[in-house]
There are 2 protein chains.
Amino acid sequence: MTQSTSPDTPSGQDALPRQHRQYTIGELARMFEVTPRTIRFYEQEGLLAPHREGQKRIYHEKDRVRLKLTLRGKRLGFSLGEIREVVTMYDAMPDGNARQLRRLLEILADKRANLERQLEDIRLMRMELDDVDHRAREVLRGLGHEA
Amino acid sequence: MTQSTSPDTPSGQDALPRQHRQYTIGELARMFEVTPRTIRFYEQEGLLAPHREGQKRIYHEKDRVRLKLTLRGKRLGFSLGEIREVVTMYDAMPDGNARQLRRLLEILADKRANLERQLEDIRLMRMELDDVDHRAREVLRGLGHEA
DNA sequence: CAAGCACTTTACGTTAACGTCAACCTCGTC
DNA sequence: GACGAGGTTGACGTTAACGTAAAGTGCTTG
């Protein structure tokens with residue numbers, strides 16, 4: 001509801017270079033419509049690692065992207081553990097050894113297979129929703145004509 | 001692993017008219033690779049209502065389909081409550097009143113919107129997986145050439 | 001008839017992903 | 001200097017979706 005700073009499109013308001021923009025935990029929370037508690041929890045689970053300014057957490061562009069990816073993964077039904085596997089390996093990639101990289105490729109293939117099945121599931125469920133929808137409308141029409 | 005009776009394709013083994021085929025809880029469980037406990041739980045949550053033969057649960061085609069839909073819904077991240085809302089209303093449709101039907105249409109629209117967003121999420125995540133995949137392969141190539 | 005298997009109910013245990021306090025700092029400002 | 005709006009760390013509570021163990025029923029097979 002309170003869409004202050006769009007999480008994906010440039011703000012347009014204050015033409016900040018975006019790369020160097022910083023965020024407080026509350027800002028991020030409002031952007032993505034989650035609570036600060038959720039963001040702290042993700043940090044505790046090893047998904048985020050913001051800088052500190054004294055005691056306060058400071059989030060940069062990288063952190064925001066990571067949060068975005070995390071939430072997207074969640075919407076697709078991945079667990080935080082699964083998401084962490086990918087994003088942390090992604091960050092450790094440049095100096096990752098071969099075994100780690102192969103493991104990463106395995107995980108990726110796995111996720112992809114998962115996505116493909118979801119696509120099929122969506123297709124099927126769409127058809128069924130259409131079906132139920134049609135029937136419901138017909139019954140409604142029937143009700144309209146009688147009585 | 002123990003694929004005895006395919007849940008979606010006709011068995012082909014015993015040319016049963018399928019419409020009248022019956023299932024025990026264990027059969028269904030093996031078919032869909034869930035535990036009997038899960039199936040009983042779904043019943044307790046109002047998603048299934050098998051007949052009884054004495055004490056034992058007997059499942060028919062309708063029940064099997066309902067279980068299939070339920071599991072598909074779950075794979076798409078719907079809660080059992082949400083799934084129940086749709087399937088029970090679907091069954092109660094013929095004699096449902098107008099207000100119920102409109103409510104059902106609302107729910108359907110809602111689910112559909114959800115699915116559309118998931119489609120977009122899948123598209124985006126696919127691209128990101130591709131990206132990570134490419135980078136990982138490149139790094140692997142690099143490792144192969146040195147040392 | 002004993003053993004084994006598949007089913008049953010009851011009930012407590014578990015995990016993930018947060019929610020919800022409480023109690024405390026630390027600013028800007030009225 | 002009181003105060004309100006943000007932030008912080010614990011620590012305990014909650015919900016969904018089952019898992020798991022105990023104790024009993026009923027068939028059929030050696």
Side-chain angles (χ1 to χ4, degrees), chain A residues 2 4-5 21-60 63-64 66-88 111 114, chain B residues 2 4-5 21-60 63-64 66-88 111 114:
Chain A
T2 342
S4 52
T5 314
R21 191 159 168 7
Q22 296 187 166
Y23 309 90
T24 74
I25 197 171
E27 285 171 351
L28 246 76
R30 276 187 301 274
M31 279 188 198
F32 291 101
E33 306 193 289
V34 299
T35 70
R37 166 65 174 142
T38 297
I39 298 181
R40 290 196 199 97
F41 180 70
Y42 289 171
E43 175 177 353
Q44 174 185 327
E45 294 299 299
L47 286 165
L48 296 173
H51 295 156
R52 296 290 182 126
E53 199 162 274
Q55 171 132 282
K56 297 178 66 172
R57 294 170 170 82
I58 302 293
Y59 300 86
H60 295 92
D63 303 308
R64 209 217 53 183
R66 219 156 150 159
L67 178 55
K68 187 181 68 181
L69 295 182
T70 298
L71 293 175
R72 180 180 300 153
K74 277 221 58 192
R75 283 198 301 272
L76 292 178
F78 295 113
S79 74
L80 294 184
E82 295 178 303
I83 296 171
R84 182 181 40 210
E85 272 193 308
V86 173
V87 296
T88 67
K111 306 288 178 219
N114 208 316
Chain B
T2 341
S4 51
T5 315
R21 189 158 168 11
Q22 296 187 165
Y23 310 90
T24 75
I25 198 173
E27 285 171 350
L28 246 74
R30 275 187 301 275
M31 278 188 198
F32 291 102
E33 305 193 290
V34 299
T35 70
R37 165 65 174 142
T38 297
I39 298 182
R40 291 196 198 96
F41 181 70
Y42 289 171
E43 176 177 352
Q44 175 185 327
E45 294 299 300
L47 286 165
L48 296 173
H51 294 157
R52 296 291 181 127
E53 200 161 274
Q55 171 131 281
K56 297 179 63 173
R57 293 168 171 84
I58 302 293
Y59 300 86
H60 295 91
D63 303 308
R64 209 217 52 183
R66 219 157 148 157
L67 178 55
K68 188 181 70 181
L69 296 181
T70 298
L71 293 174
R72 180 180 299 152
K74 277 222 57 192
R75 284 199 301 273
L76 292 178
F78 295 112
S79 75
L80 295 184
E82 295 178 303
I83 296 171
R84 182 181 39 210
E85 272 193 308
V86 174
V87 297
T88 66
K111 305 290 178 218
N114 209 317

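Quick note on labels: first sequence line is chain A, next is B, and so on, each numbered from 1.
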Is any side-chain heavy atom of [Y] closer than 4.5 Å to one of [X]?
X       : Y       : value
B/Ile39 : B/Tyr59 : yes
A/Gln22 : A/His51 : no
A/Thr35 : A/Phe41 : no

Should the heavy atoms of other residues, nucleotides or ligands under 6.0 Å from CD of B/Gln44 be counted, would the total exceed 12?
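Buried by this count: over 12 neighbours within 6.0 Å.
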
For [N] and [X] - does any side-chain N or O of the residue sit under 4.0 Å from the phosphate oxygens OP1/OP2?
X       : N      : answer
B/Arg57 : C/dT8  : yes
A/Thr24 : D/dG6  : no
A/Thr35 : C/dG19 : yes

Once you round it to whole Å, what is the distance between [atom2] of [N] and [atom1] of [X]?
X       : N      : atom1 : atom2 : value
A/Arg75 : C/dC18 : CZ    : P     : 13 Å
B/Leu67 : D/dC18 : CG    : P     : 11 Å
A/Leu80 : C/dT15 : CG    : P     : 16 Å
B/Arg30 : C/dC5  : CZ    : P     : 13 Å
A/Glu82 : C/dA16 : CD    : C1'   : 12 Å
B/Ile58 : C/dC7  : CD1   : C1'   : 10 Å

Which angle, to the nearest 10 degrees, lies between the helix axes at the two ends of the helix from C/dC1-D/dG30 to C/dC30-D/dG1, each defined by five pairs?
10°

On a heavy-atom basis, which atom in A/Glu45 and which in A/Leu80 lie closest, and how many Å separate them?
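Taking A/Glu45 first and A/Leu80 second, the nearest heavy atoms are CG-CD1, 4.5 Å.
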
Gap between atom [atom2] of [Y] and atom [atom1] of [X] - 0.5 Å precision:
X       : Y       : atom1 : atom2 : result
A/Met31 : A/Arg64 : CE    : CZ    : 6.5 Å
A/Ile25 : A/Arg40 : CD1   : CZ    : 4.0 Å
B/Leu71 : B/Arg75 : CG    : CZ    : 6.5 Å
B/Arg30 : B/Glu33 : CZ    : CD    : 11.5 Å

Within residues 37-56 of chain B: residues closer than 4.0 Å to DNA chain C (heavy atoms)
B/Arg40, B/Arg52, B/Gln55, B/Lys56

Can you figure out which of D/dT8, C/dC18, D/dA17 approaches the side chain of A/Ile25 most closely?
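The listed nucleotide nearest to A/Ile25's side chain is D/dT8.
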
